[in-house]
Amino acid sequence: MVKRYISKFYMILMFIFLYAPIAVLAVYSFNSSKSRGAWGGFTLKWYVELFNDRDIKSALYYTILVALLSALISTIIGTISAIGIHNMKHKQKALILNINYLPILNPDIVTGIALMILYLSLNLKLGFLTMLLSHITFGIPYVILAVLPKLKQMNKHITEAALDLGATPLYALRKVLLPQIKPGIITGFLIAFTLSIDDFVISFFTTGSGVNNLSMVIYSMARRGIKPTINALSTLMLAVVLGLLLLINKRSSFDKKHVKKVGK
Amino acid sequence: MKNKAKLLTYPYIVWMGLFIILPVLLVFLYSITFNEINNIKTISFTINNYKMFFTPVYIQVTLRSIYLAALSTIICLALGYPIAMIIANSKMTSKSILLLLFILPMWMNMLLRTYAWMTILGNNGLINTLLANLGLPTLNLLYNNGAVILGMVYNFIPFMVLPIYTTLSKMDNSLIEVSEDLGANKVQTFIKVIFPLSLPGVISGIIMVFMPAVSSFVIPKLLGGGKDALIGTLIEKLFSLGDWNFGSAVSIVMMFIILLSMAVMNRFDVDKEGGAGLW
Amino acid sequence: MKKKIIELKNITKNFNDETVLDNINLYVNENEFVTLLGPSGCGKTTTLRIIGGFETPTEGNLFFDGKIINDIPPYKRQINTVFQKYALFPHLNVFENIAFGLKIKKLKKSEITYKVNKILKLVGLENFCNRDINSLSGGQQQRIAIARALVNEPKVLLLDEPLGALDLKLRKEMQIELKNMQKRIGITFVYVTHDQEEALTMSDTVAILNEGVIQQIGTPVDIYNEPKNAFVANFIGESNIIDGIMLDDYKVMFCNKVFTCVDKGFSKDENIDVVIRPEDLVITDENKGLLKGVIKSVIFKGVHYEMLVNAEDFEFMVHSTLKFPLGSNVGLTLTPEDIHIMKKSNN
Amino acid sequence: MKKKIIELKNITKNFNDETVLDNINLYVNENEFVTLLGPSGCGKTTTLRIIGGFETPTEGNLFFDGKIINDIPPYKRQINTVFQKYALFPHLNVFENIAFGLKIKKLKKSEITYKVNKILKLVGLENFCNRDINSLSGGQQQRIAIARALVNEPKVLLLDEPLGALDLKLRKEMQIELKNMQKRIGITFVYVTHDQEEALTMSDTVAILNEGVIQQIGTPVDIYNEPKNAFVANFIGESNIIDGIMLDDYKVMFCNKVFTCVDKGFSKDENIDVVIRPEDLVITDENKGLLKGVIKSVIFKGVHYEMLVNAEDFEFMVHSTLKFPLGSNVGLTLTPEDIHIMKKSNN
Amino acid sequence: KNSGDKAEIKVLNYGQYIDKTLLTEFEDKYNVKIIYDIYPAPEDMYTKVKAGGTDYDVIITGEYMIERMINEGMLAKLDYDNIPNFEFVDEKFKNQPYDSNNEYAVPYFWGTLGLLYNTKAVTEKVDSWDILWNEKYANRILMMDSQRDTMAVAFKKLGYSLNSTNEQELKEVKQLLLMQKPLVMAYVVDEALAMMIAEEADIALIWSSEAASAMGSNENLNYIIPKEGSNIWIDAMCVPATSSHKKEAELFINFMTSKESTLKNIDELWYSTVHTEAVKEVEEFLFDNPAFNPSDEDVKRTEMFRDLIDEIKVYNKLWTEVIAD
Ligand SMILES: Nc1ncnc2c1ncn2[C@@H]1O[C@H](COP(=O)(O)OP(=O)(O)OP(=O)(O)O)[C@@H](O)[C@H]1O
Ligand SMILES: Nc1ncnc2c1ncn2[C@@H]1O[C@H](COP(=O)(O)OP(=O)(O)OP(=O)(O)O)[C@@H](O)[C@H]1O
Ligand SMILES: [Mg+2]
Ligand SMILES: [Mg+2]
């Protein structure tokens with residue numbers, strides 16, 4: 001009982017730590033002064049301005065599109081590769097994993113510039129595609145790292161049982177293996193998505209004209225002080241996601257109750 | 001069966017060859033040449049870039065970076081593990097919600113978050129204002145290693161929590177029961193059974209925190225005040241200033257050091273895991 | 001006088017409104033060997049888990065040495081368990097698995113090594129010290145699980161089908177080893193098995209469970225020879241159970257014939273179950289038998305042949321070392337002592 | 001003529017340079033019921049896993065219908081397996097587990113429901129459709145594992161101790177069900193069990209393994225009555241194995257006495273093993289017996305008492321439904337047919 | 001392509017360095033579509049454009065970067081016939097060394113490097129770089145995490161040219177900067193503006209443009225150009241050699257140089273203008289601001305950065321050693 005309270009308390013502390021800066025930036029989205037340093041009174045003008053800013057809208061679109069696509073593709077490639085890596089012999093596995101660590105280890109600017117030179121020498125036009133490829137490249141290693149522990153935990157006899165019952169490896173993968181490593185896959189997706197949303201340097205060097213993401217907009221604003229419109233945007237995004245979460249939570253708890261009733 | 005599953009990695013191996021190895025080779029090439037390498041005829045090789053690195057100043061930077069990153073990683077682990085456990089032990093529906101709530105702040109831009117931290121930590125920031133109002137002495141919270149570590153912990157802790165959470169969720173409960181049956185109390189059970197079983201997740205978490213932390217540059221620049229350069233800031237600076245050659249050498253050395261120390265760790269691990277290595 | 005070390009008082013356990021254990025009352029004396037016996041899913045494992053502390057009873061109390069221990073966590077109970085599904089630690093090798101409990105007790109290294117090796121020899125796996133758990137065969141894993149619990153020399157040992165995966169030979173050996181150990185070290189055993197013979201051989205007391213209800217508690221001989229109801233009789237050994245009518249004391253009618261028996265005290269013309277063990281029936285010449293019948297099937301069982309004999313519309317199972325040809329007409333005889341009369345159970 | 005459906009030719013399997021299977025040769029005819037029997041760790045599961053396609057033999061070939069299938073993946077083999085450790089899908093409920101194979105075959109929904117329900121009834125778990133796998137008892141899980149394999153009606157079914165977790169009653173029922181099914185649908189069974197009686201009851205052919213080497217292949221009666229060596233004799237049933245000398249055809253000496261027997265063809269004065277089944281020995285009055293002895297121990301086994309009789313420095317195990325008092329002096333008799341002579345095995 | 005015959009130009013600029021309504025205005029007025037991109041720092045822009053993956057038509061960037069790009073043949077000569085508004089550009093900013101004949105670039109805004117300080121905390125007279133070495137302000141000083149700007153201070157304090165490559169002078173600069181390091185609160189990237197407004201620090205090395213906007217938010221702040229001299233910078237518009245819509249690009253440059261556009265831009269950005277007509281019409285408070293409109297003497301003491309080509313590596317090394325120490 002006491003333990004439950006302690007863990008609840010700890011959890012709340014942790015969430016305060018995580019959300020304190022977010023709260024600050026949300027508050028500043030209502031600050032009529034343009035500068036982060038001073039409070040100039042309450043205003044909604046940044047929200048109004050947000051809807052009139054063409055660059056932010058297009059950047060938001062590309063940010064979400066690239067994040068979703070790259071996270072999805074990284075998750076697919078990463079998960080499949082992780083399964084392969086899991087089945088490798090020790091030496092091979094070590095080699096592949098070490099190479100896999102490089103994008104995680106390399107500073108973004110090195111990756112960004114190196115990829116840019118790569119694309120150009122491949123005669124790829126910098127733009128949406130190259131940016132997407134780059135995001136996939138740095139997403140996959142994280143997905144692999146997220147999926148591998150779950151694979152290691154898995155009982156191999158269960159996959160064998162599926163094959164035994166006539167499941168092709170692909171079917172066994174879909175119906176037996178994936179459901180079991182699902183937490184790892186979801187985690188991998190979340191990490192890849194998060195990294196993609198947050199990436200600036202690599203995106204900058206590998207994108208082309210007209211395709212910008214929010215991070216690029218924000219970093220480029222830094223010199224003059226980031227406009228509170230961005231805070232407004234962040235606050236809105238947060239609100240939307242939180243709202244969705246609340247909705248899902250309500251739905252699923254409703255479903256549960258419902259099922260229980262029917263069950264009786 | 002095993003051999004076949006291995007094939008699944010081949011597409012990624014090709015991908016790696018193209019998008020990871022080739023760029024790294026390029027970086028390596030820069031590290032051993034003068035100037036640009038656009039023209040193959042004028043290429044000339046040198047090891048000066050490496051020589052330059054091995055001077056006390058840069059070694060110190062490297063050590064400092066590894067120290068800060070390691071410290072942040074340890075703190076992430078210490079703070080994150082309980083969180084992962086709490087989430088893993090919570091009810092089915094609240095699990096995914098908690099998880100998303102946990103990573104949601106990271107969807108706000110890192111620069112914004114870091115600036116927000118500066119607003120909180122500054123001399124006239126929220127914390128110090130609070131302290132002053134309480135009649136307490138104010139603190140120097142910003143522009144020191146503490147702030148850098150705080151920033152790193154803040155930004156990387158989800159990457160520690162998530163993989164640990166995945167290994168803890170749906171852990172074989174009977175093993176925990178056996179442990180308690182054999183007389184291990186909750187703490188001993190944790191140390192001897194739960195933690196070792198979650199080790200793969202912990203290792204993933206450590207890698208996902210430590211490696212980007214070693215080479216991070218925005219956080220040390222903004223929260224550390226750019227006074228004590230870290231290897232990430234150094235590389236970023238060298239590259240953006242156009243000195244790709246030396247920058248490349250620094251990156252290569254860093255990769256080498258980190259991967260080598262990982263290999264050493266791996267060696268230790270081999271005995272325990274029966275040849276399975278880190279994995 | 002014997003001391004009750006464990007006592008279950010009115011224990012009931014529900015899972016999602018389904019009653020799995022129903023008002024269980026059972027005590028275990030110090031140094032006693034108690035076996036729980038019952039069909040699959042009857043609640044044996046659940047009972048052990050309650051004693052071990054892994055489930056809390058929905059109702060009722062659990063006593064250890066006279067004190068209620070409902071809320072004492074498993075690690076504070078001086079009880080060790082051999083789990084039905086082994087539950088070996090995958091991250092530890094054979095040695096480390098067995099040494100687990102000893103290390104927790106902070107024994108000296110040399111002592112741990114000594115004890116582990118001794119117990120490994122006992123289960124016949126001396127050379128398996130450094131083996132990975134996953135590379136062991138089923139029976140080997142089971143033996144490690146036994147060793148891991150035994151090595152701690154607990155006051156009470158709970159064993160959930162500990163010999164299930166072993167072959168007859170090894171099982172017999174291990175039975176004798178376990179029994180010896182129990183006597184020598186003075187451990188109390190609560191044993192779950194699905195092997196009736198094992199239960200009868202090893203136990204001081206046998207408790208028969210069915211659908212969460214205790215059917216009978218008694219010594220092996222009691223249970224076997226004086227089953228309380230047809231379920232017990234049928235479960236504990238193979239039996240022919242025939243509807244009969246008790247005409248009078250020592251006089252029973254079944255299969256349209258009147259037999260002399262050794263039972264009395266029933267009301268007149270009471271409907272009863274007649275239980276006859278297959279090995280008590282003797283096949284004779286057709287005209288020498290009390291009953292006449294035809295051999296319907298013959299199965300070789302090694303020690304004996306198992307034959308089904310159709311006599312007076314009832315299929316008698318008969319065990320005999322002699323083989324009679326399929327379809328031949330035979331007689332069946334039996335002595336009055338072999339006729340067990342029992343009251344009809346309610347269901 | 002019968003068709004060989006599965007054939008193992010010179011199969012050897014090493015794990016890390018340790019030989020686990022050593023030059024195994026074995027074939028299985030269509031619709032045959034072959035049982036692998038052997039002590040724990042002798043390689044039974046490994047043999048099944050090779051047939052199922054989960055291990056590749058280090059040496060030798062595996063034939064299915066006359067074709068080598070060493071490299072055919074498991075899902076392309078018309079073989080289903082009941083795994084020793086069940087290996088049920090934890091993320092699926094009981095129904096979905098059983099329906100797994102049928103869904104792959106793209107059967108109609110109604111058909112799947114029909115088949116699953118039918119098989120659930122067979123294993124006695126009609127009402128468990130929506131149950132979570134982890135909430136099942138050990139025996140229930142095992143039955144689901146059997147159902148999951150059986151429902152696919154494969155050509156060949158591999159069963160690794162499929163009834164190990166079931167009580168005698170249910171085991172017998174399931175034995176009969178399995179056997180009936182095997183005959184009715186015409187499935188070929190390769191069966192692993194540690195239960196000698198089960199092996200003898202159900203099988204057409206029994207193969208005895210020890211330490212990766214096949215000791216004997218034959219019908220149950222052959223194996224039981226004509227064991228090729230002392231290991232088989234000892235393993236397949238409890239036996240008294242005594243050192244003896246073959247004096248002449250039909251004349252054997254052991255325990256310092258000369259007995260008549262039915263064996264011949266040994267060289268003169270050859271050292272041999274004499275095997276006598278405990279149930280073949282009859283306890284008589286001290287002076288009526290061929291051998292004189294003292295009762296050393298008496299264990300109640302339900303069907304019979306198991307007694308150790310010390311006679312002429314050898315401890316004879318004797319099974320008898322009559323109980324003799326501990327320490328009493330008795331005689332032992334036996335007929336010439338009950339004396340089995342076998343060559344000394346090399347080890 | 002999809003907009004049919006409608007021309008399209010690609011513009012690359014710093015972030016937040018334009019009144020965006022001007023873009024729409026231009027598009028409507030000339031029926032030319034603008035694809036507008038931004039970059040965070042000139043070096044990053046250079047790296048990317050130099051690599052050749054881009055096809056911009058107009059780039060707005062700093063003078064030293066333009067010099068480098070001219071030297072490397074990355075820019076196209078402008079056709080000034082298409083930029084009649086060029087005449088309004090103050091002669092002061094024409095024919096500067098980075099583009100000595102004014103063939104490649106049209107100035108956009110300009111500014112200086114100076115000290116922004118809080119008059120509440122710094123009560124003494126501030127007129128010299130020396131104050132940055134004054135222990136009284138230990139940990140209240142913000143320097144820039146930009147090697148050339150921070151080194152420029154040291155050069156000027158020592159009385160040298162801020163483009164010096166003299167070994168001895170560089171050594172002295174390094175010494176000076178290392179001496180100063182313990183006093184520095186932080187080498188900030190872009191945060192000086194906000195930090196000074198929030199009064200987190202007392203003195204900051206800053207660009208006049210940022211200073212102007214800081215002073216607009218906090219009236220305790222003041223800006224000066226120290227007497228030892230300082231740096232002056234010009235941001236200018238140029239057309240890359242790879243441009244395929246040079247005409248429209250020049251049209252855009254001309255549009256941006258018009259008085260109306262300039263005024264609109266000033267209103268939004270508060271940067272010092274190069275426009276002779278516009279400057280007359282800026283609001284009074286801005287006109288009087290020393291950061292927006294420094295005195296001619298102050299400007300006379302300033303020096304422009306030159307592209308150092310390979311010598312930059314020496315600077316890089318010096319600077320990394322300063323911050324790594
Ligand atoms: N992956 C492996 N690595 C090393 N040794 C193994 C491996 N798998 C099995 N063995 C060994 O091979 C031998 C035979 O194992 P197998 O599982 O076939 O035995 P089994 O006859 O099924 O025994 P049981 O009746 O106990 O299940 C055992 O000694 C076992 O320890
Ligand atoms: N967690 C649970 N949730 C719901 N039902 C459960 C749970 N655990 C056990 N049961 C049910 O309780 C009953 C008794 O289970 P238990 O494991 O005690 O049986 P058992 O006697 O050990 O059987 P077996 O010999 O097959 O192992 C079974 O019907 C089982 O399905
Ligand atoms: Mg059980
Ligand atoms: Mg086995």
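To find a chain, count down the sequence lines: A is the first, B the second, and so on, and within it residues start at 1. Just so we're clear, the structure is a prediction, and the values are computed from it rather than from any experiment.
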Given heavy-atom pairs under 4.5 angstrom as the criterion, report whether the side chain, backbone, both or neither of [X] touches chain D.
{"X": "A:Lys175", "value": "both"}
{"X": "A:Asp164", "value": "both"}
{"X": "A:Ala172", "value": "neither"}

Which portion of [X] sits near chain A, non-hydrogen atoms under 4.5 angstrom:
{"X": "D:Asn152", "result": "side chain"}
{"X": "D:Leu88", "result": "backbone"}
{"X": "D:Arg148", "result": "both"}

Practice problem: List for me each residue that meets salt bridge (charged side-chain N to carboxylate O under 4.0 Å, His left out) alongside D:Lys155, sequence neighbours excluded, and say none if there are none. | Solution: D:Asp65
Exercise. Taking salt bridge (charged side-chain N to carboxylate O under 4.0 Å, His left out) as the test, write out the residues that go with D:Arg131, two or more places apart.
Key: C:Glu18
Quiz item: CG/A:Asn155 to OH/D:Tyr86 distance, rounded to the nearest 0.5 angstrom?
Solution: 13.5 Å
Quiz item: Taking non-hydrogen atoms and a cut-off under 4.5 angstrom, which of residues 91-108 of chain D neighbour chain A?
Solution: D:His91, D:Phe100, D:Gly101, D:Lys103, D:Ile104
Any chance [atom1] of [X] has more than 12 other-residue heavy atoms, nucleotides or ligands included, within less than 6.0 Å?
{"X": "D:Phe15", "atom1": "CZ", "answer": "yes"}
{"X": "D:Phe63", "atom1": "CZ", "answer": "yes"}
{"X": "A:Tyr10", "atom1": "OH", "answer": "yes"}
{"X": "A:Lys182", "atom1": "NZ", "answer": "no"}

Quiz item: Does the side chain of D:Pro90 come within less than 4.5 Å of A:Ile158's, by heavy atoms?
Solution: yes
Quiz item: Do you know the tightest heavy-atom contact between D:Ala87 and A:Ala161?
Solution: O-CB, 3.7 Å
Exercise. List for me each residue that meets side-chain hydrogen bond (donor to acceptor under 3.5 Å, both in side chains) alongside D:Asn70, sequence neighbours excluded, and say none if there are none.
Key: D:Asn61
